[in-house]
Amino acid sequence: LCPVADKVNGVANGGMTQFQEVMRQQLESSMHTELEKLLDTASGAEKELSRKDFDGFKKLFHRFLQVKGPSVEWIKIQRPPEDSIQPYDKIAARGLPDNVADSLNKLVVVKLNGGLGTSMGCKGPKSLISVRNENTFLDLTVQQIEHLNKTYNTDVPLVLMNSFNTDEDTKKILQKYTHHRVKIHTFNQSRYPRINKESLLPVATNMGMTGQNADVWYPPGHGDIYASFYNSGLLDQLIAQGKEYIFVSNIDNLGATVDLHILHHLVSQPNGKRCEFIMEVTDKTRADVKGGTLIQYEGKLRLLEIAQVPKAHVDEFKSVTKFKIFNTNNLWISLAAIKRLQEQSAMDLEIIVNPKTLDGGQNVIQLETAVGAAIKCFDNALGINVPRSRFLPVKTTSDLLLVMSNLYSLEAGSLTMSHKREFPTTPHVKLGSSFTKVQEYLTRFESIPDMLELDHLTVSGDVTFGKHVSLKGTVIIIANHGDRIDIPAGSMLENKIVSGNLRILDH
C-alpha cells in the first residue's frame with residue numbers, strides 16, 4: 001500500500017523486528033513534529049480545537065503503524081449465532097406499551113451530515129438537495145421528528161454530525177426551523193490531515209483551508225462520531241437531560257425513520273441484559289454485494305467490510321448465499337455506553353486506509369473508521385433483520401427518480417411504498433451519464449413518469465421525457481452518440497426497447 005508503511009508492517013505474522021520498531025518510532029516522532037508545526041500556524045480557539053482533533057489523529061496514526069497484516073483471519077470467521085440476529089417481525093410482534101412517550105423521551109435522533117452533493121453535481125451539503133415536492137433530506141428529517149413530537153407530546157431532539165465541509169451552510173439553513181417542534185443541535189466531525197503516501201507525513205503546510213490547502217484535510221469517516229460527540233460536550237448534556245439512546249443513520253437514507261418497535265425492544269430489556277447496540281441489517285440482493293456484513297469473530301459480533309476482506313476471498317464475501325445480510329447503517333446505541341468506552345479508550349475500530357489522488361497528481365492516503373465497526377465493543381449487541389423499506393438511500397439520480405415518482409407516497413416526512421404497487425420490490429433503474437447531475441436530470445423530465453408497474457428501466461444517451469409518460473415492465477431506451485430520443489408526452493411504454501433517433505420539434 002505505502003512503501004514506508006510496508007517496511008514498518010513488513011512482518012505480517014509475529015512481532016516487529018528491532019529495525020521496524022525503530023522505523024515506526026521515527027515515523028511517529030516526525031509526524032508529531034509536523035503536526036506541532038501546523039498547530040503553530042493557527043491561533044486561539046482554532047488552535048485548541050485543532051489540537052483536540054490532532055490528538056485523535058495521533059492515536060489513529062499510531063494504530064495504523066502497529067497493524068501487522070490483515071485485520072481479520074478468514075479462517076476464524078463464523079456465521080453469527082441464530083439469536084444474535086433477530087427477525088424484525090419477532091420484535092414487532094411484542095406490540096407497543098401504552099407509554100410510548102416515555103420511551104421516545106429517552107431517544108435522540110442523530111443524522112450523519114458530513115457529505116457533500118458533489119457526486120450528484122451539486123454544490124454544498126448533500127442534505128440540502130431537494131428530493132420530493134421541493135423538500136430536502138433535512139426538511140424531511142425535521143418533519144418526521146416534529147410529527148413524532150406532536151403525536152406523542154414528546155421532546156425528541158435532532159443532532160446533526162456535520163463536517164468542516166457542511167457546517168457553515170447547514171447552520172445557515174437551520175434558522176428556518178426555529179418555529180418547528182424539534183430542538184436541533186450540531187457538532188462537528190474532526191478535521192484530519194491527508195498524508196503523503198510515500199513519506200507518511202501531512203501534505204498540509206499550514207492550518208488554512210483555502211487555496212493550496214483546499215484538499216489537504218478530510219473528515220475521517222463516520223466512525224469518528226464517538227470521539228467527536230464525546231469531545232463536543234453534547235453527549236454529557238443529553239445524558240443530563242435523561243436521554244439514553246441515539247438512533248444514528250445516514251441523512252440520505254430516506255427509509256431510516258424512528259421505529260417504535262425497535263425502540264421499545266431496547267428500553268424494555270432487564271438491567272443486566274441491557275442491549276447497548278443494535279444494528280439494522282437487511283437481506284442482500286445482487287445490488288448490495290459490497291455492503292458490510294455481520295459475522296461472529298473470536299466470540300463477538302463484528303462488522304466485516306469489503307475493505308477488510310483478503311483479495312482471494314472477495315468473491316466469497318460478495319456471495320448472497322454465504323453472507324445473506326448487509327448493514328443498513330441504521331444503528332441504535334446507548335449513550336452511557338459510548339461515554340464509558342470513550343473514557344476507557346476502549347473503542348478499537350478497524351482502520352480503513354483510503355487512497356486518493358489530489359488534483360495536482362499527488363498520491364495521499366486518509367485513515368478512516370466506520371461507525372458500525374464499534375459493534376464488537378458494546379455489550380449484548382444485536383442485529384435486527386429489518387424490511388428492505390428501511391433502506392432507501394439516495395446516492396444517484398437513478399435513486400432520486402424512484403423517490404420522486406408515484407412509487408412512493410409522502411406523509412409527515414416519511415416515504416412509503418404506494419399500496420397501488422402490486423410487488424413490494426423496488427424497480428431497478430439505471431440512468432446514463434447524461435443524467436448524473438441533478439440539474440441536467442431535472443431538465444430531461446417534463447414530469448416524472450408513472451412507474452407503478454415498472455420492473456426495470458435503463459436509459460442511455462441524449463434522452464428526454466415528455467409529460468405524463470407511463471413506464472411498465474422492462475423498458476430500455478438507448479440513444480446512440482449523436483442521436484437524440486424524445487419520448488412523447490402521454491406515451492405508454494411496456495416491455496419496450498427504444499433505440500435510434502426520435503425528435504419531436506415544436507413548429
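What you see below is based on every heavy atom in this structure, not just the backbone, and it leaves out hydrogens, waters and symmetry mates. Positions are given from 1 along the sequence.
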Peer 1: What's the separation between atom CH2 in W74 and atom CG in L304, rounded to the nearest 0.5 Å?
Peer 2: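 The CG atom of L304 is 5.5 Å from CH2 of W74, to the nearest 0.5 Å.
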Peer 1: Between R191 and D167 (salt bridge meaning N to carboxylate O under 4.0 Å), is one present in this structure?
Peer 2: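 Looking at R191 and D167, the cut-off is not met.
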Peer 1: Would you mind checking if D139 and K176 are paired as a salt bridge, meaning a charged N to carboxylate O distance below 4.0 Å?
Peer 2: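 Salt bridge: yes.
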Peer 1: Identify whether the distance between the nearest side-chain nitrogen and carboxylate oxygen of D288 and R388 falls below 4.0 Å.
Peer 2: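 Counted as a salt bridge, because a side-chain N and a carboxylate O are separated by less than 4.0 Å.
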Peer 1: With a 4.0 Å cut-off on N to O distance, would you call R63 and D348 a salt bridge?
Peer 2: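 Here R63 pairs with D348 in a salt bridge, since their nearest N and O are under 4.0 Å apart.
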Peer 1: Would you call K52-E48 a salt bridge at under 4.0 Å N-O?
Peer 2: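 The answer is no: the pair does not qualify as a salt bridge.
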Peer 1: So that I know where these two stand, are Y245 and W332 an aromatic pair - ring centroids less than 6.0 Å apart?
Peer 2: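 When the ring centroids of Y245 and W332 are compared, they turn out to be at least 6.0 Å apart.
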Peer 1: Kindly say whether S433 contributes a backbone atom to a donor-acceptor pair with the side chain of T436 at under 3.5 angstrom?
Peer 2: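 Indeed, once roles are kept as given, a pair shorter than 3.5 Å links the two residues.
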Peer 1: Is there a salt bridge (charged side-chain N to carboxylate O under 4.0 Å, His left out) between E46 and R51 once you walk through the steps?
Peer 2: CA-CA 8 Å; E46 191 207 0; R51 187 174 291 284; over 6 Å; no
Peer 1: So, R194 side chain and V203 main chain: donor-acceptor pair closer than 3.5 Å or not?
Peer 2: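 Such a contact is absent between R194 side chain and V203 backbone.
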Peer 1: Kindly determine whether L104 and L260 satisfy side chain to side chain contact (heavy atoms under 4.5 Å, CB included), including the steps that lead there.
Peer 2: CA-CA 8 Å; L104 279 169; L260 298 175; 3.8 Å; yes
Peer 1: Using modelled atom types only, decide if a donor and an acceptor are shared between the side chain of D53 and the backbone of Y192 within a distance under 3.5 Å.
Peer 2: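 Pair absent, no side-chain N/O of D53 close to backbone of Y192.
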Peer 1: To the closest 0.5 Å, what do you measure between CG (D252) and CG (L138)?
Peer 2: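 It comes to 12.5 Å.
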Peer 1: Is S163 reaching over with its side chain to a backbone N or O of G114, donor-acceptor style, under 3.5 angstrom?
Peer 2: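 Yes: the side chain of S163 pairs with the backbone of G114.
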Peer 1: Of D399, V394, T396, which meets side-chain contact (heavy atoms from CB on, under 4.5 Å) against M120?
Peer 2: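 Filter result, single survivor: V394.
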Peer 1: Any sub-3.5 Å donor-acceptor pair from N380's side-chain atoms to R274's backbone N or O?
Peer 2: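 Yes: the side chain of N380 pairs with the backbone of R274.
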